[in-house]
Peer 1: 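Structure incoming, see below.
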Amino acid sequence: MANYFRITAYHPEIDCSVIMDSNGLFDKLWQFSADLVKRGFKILEVGNEEKFLDGNFEKDTEISDKYILRANAKGKPIPTTYRVGNVEYHAIIVGEKIYIPDITQTV
């Protein structure tokens, strides 16, 4: 069974934010985070598929030995809210993509 992880990160040197997924590349979430930190990113949000909600884009179903870039944009991610049913959550926007990094963080 693959481990599905999602990270929101910011690279201060190039002023760029990303949402990256990993589906099977890493055994542990900390390994994914550490690899992005080595590449100059500051980690802002982390989670496995039990912690985050998709928002306006779904998880990638293909198991891969590569990073899956889901979104990128100039500048820092934009905090916002996102409603699912009757619950409003704290969410993050990067480019055109929005998702809920932590389902326990409601408004």
Side-chain angles (χ1 to χ4, degrees):
M1 180 178 177
N3 295 316
Y4 201 103
F5 305 123
R6 178 168 289 166
I7 292 179
T8 303
Y10 174 72
H11 198 294
E13 289 181 25
I14 58 175
D15 189 30
C16 177
S17 56
V18 296
I19 298 172
M20 290 280 212
D21 287 1
S22 167
N23 189 10
L25 180 58
F26 298 98
D27 292 326
K28 304 287 183 188
L29 183 55
W30 69 264
Q31 295 168 320
F32 188 16
S33 295
D35 199 54
L36 287 173
V37 168
K38 285 191 307 190
R39 298 169 191 272
F41 284 94
K42 302 221 179 271
I43 306 303
L44 305 175
E45 298 286 349
V46 298
N48 62 23
E49 61 188 328
E50 295 170 357
K51 183 180 176 189
F52 68 83
L53 291 178
D54 289 335
N56 68 354
F57 65 104
E58 296 179 0
K59 292 182 279 301
D60 194 313
T61 57
E62 188 173 328
I63 295 174
S64 176
D65 63 351
K66 297 180 180 27
Y67 285 96
I68 306 165
L69 178 63
R70 304 312 307 268
N72 68 303
K74 191 80 172 150
K76 293 184 178 181
I78 302 167
T80 190
T81 60
Y82 192 79
R83 181 173 294 279
V84 177
N86 292 329
V87 181
E88 194 163 351
Y89 296 94
H90 291 282
I92 290 187
I93 299 172
V94 174
E96 300 290 320
K97 306 290 177 110
I98 183 171
Y99 85 104
I100 299 158
D102 185 348
I103 60 173
T104 67
Q105 301 297 312
T106 59
V107 177

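What you see is a predicted model, and the numbers here were worked out from it, not measured in a lab.
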Peer 1: Does any non-hydrogen side-chain atom of Lys97 lie less than 4.5 Å from one of Asn56?
Peer 2: yes
Peer 1: In Å and rounded to the nearest 0.5 Å, what is the CG to OG distance from Asn48 to Ser22?
Peer 2: 11.5 Å
Peer 1: Indicate if Ile93 and Tyr89 have the same hydrophobic cluster label, given that clusters are the connected sets of ILVMFWY residues with side-chain heavy-atom separations under 4.5 angstrom.
Peer 2: yes
Peer 1: Hydrophobic clustering (ILVMFWY, side-chain heavy atoms < 4.5 Å, transitive) - are Ile19 and Phe52 grouped together?
Peer 2: yes
Peer 1: Using atom types as modelled, flag every donor-acceptor pair under 3.5 Å from a side chain in residues 100-107 to any protein atom, sequence neighbours excluded.
Peer 2:
| from | atom 1 | to | atom 2 | distance (Å) |
| --- | --- | --- | --- | --- |
| Asp102 | OD1 | Thr104 | N | 3.0 |
| Asp102 | OD1 | Thr104 | OG1 | 2.7 |
| Asp102 | OD2 | Thr104 | OG1 | 3.3 |

Peer 1: Quick check: is Phe32 connected to Phe41 through a chain of hydrophobic side chains (ILVMFWY, heavy atoms under 4.5 Å apart)?
Peer 2: yes
Peer 1: Could you go through residues 24-31 and list every donor-acceptor pair under 3.5 Å that involves a side-chain atom there, pairing it with any protein atom two or more places apart or in another chain?
Peer 2:
| from | atom 1 | to | atom 2 | distance (Å) |
| --- | --- | --- | --- | --- |
| Gln31 | OE1 | Asp27 | N | 3.0 |
| Gln31 | OE1 | Lys28 | N | 2.8 |

Peer 1: Distance-only, no hydrogens or angles: does the Lys42 side chain make a donor-acceptor pair with backbone N or O of Pro12 under 3.5 Å?
Peer 2: no
Peer 1: Is any side-chain heavy atom of Tyr99 less than 4.5 Å from a side-chain heavy atom of Thr8?
Peer 2: yes
Peer 1: Side-chain polar contacts of residues 71-82 - donor-acceptor pairs under 3.5 angstrom, sequence neighbours left out - could you list them?
Peer 2:
| from | atom 1 | to | atom 2 | distance (Å) |
| --- | --- | --- | --- | --- |
| Lys74 | NZ | Ile14 | O | 3.2 |
| Thr81 | OG1 | Glu88 | OE2 | 2.8 |

Peer 1: Same cluster or not: Leu36 versus Leu69, using hydrophobic residues (I, L, V, M, F, W, Y) connected whenever any side-chain heavy atoms lie under 4.5 Å apart?
Peer 2: yes
Peer 1: Enumerate the side chain to side chain donor-acceptor pair (under 3.5 Å) contacts for residues 10-19, please, sequence neighbours excluded, ordered by first and then second residue.
Peer 2: Tyr10-Asp15
Peer 1: Taking the side chain as C-beta and beyond, is there a heavy-atom pair between Ile7 and Phe5 under 4.5 Å?
Peer 2: no
Peer 1: Report the residues that fulfil salt bridge (Lys or Arg N to Asp or Glu O under 4.0 Å) with Lys38, sequence neighbours left out, ordered by chain and then residue number.
Peer 2: Asp35
Peer 1: Under the salt bridge (Lys or Arg N to Asp or Glu O under 4.0 Å) test, which residues partner Asp54, sequence neighbours left out?
Peer 2: Arg6, Lys59
Peer 1: Of all residues at least two apart in sequence or in a different chain, which pass the salt bridge (Lys or Arg N to Asp or Glu O under 4.0 Å) check with Asp60?
Peer 2: none
Peer 1: Going by distance alone, is a donor N or O of one side chain under 3.5 Å from an acceptor N or O of the other, for Tyr4 and Asp21?
Peer 2: yes
Peer 1: Would you mind reporting whether Asn23 and Ile68 have side-chain heavy atoms less than 4.5 Å apart?
Peer 2: yes
Peer 1: Please tell me whether Val87 and Leu53 are part of a single hydrophobic cluster in this structure, the criterion being side-chain heavy atoms less than 4.5 Å apart.
Peer 2: yes
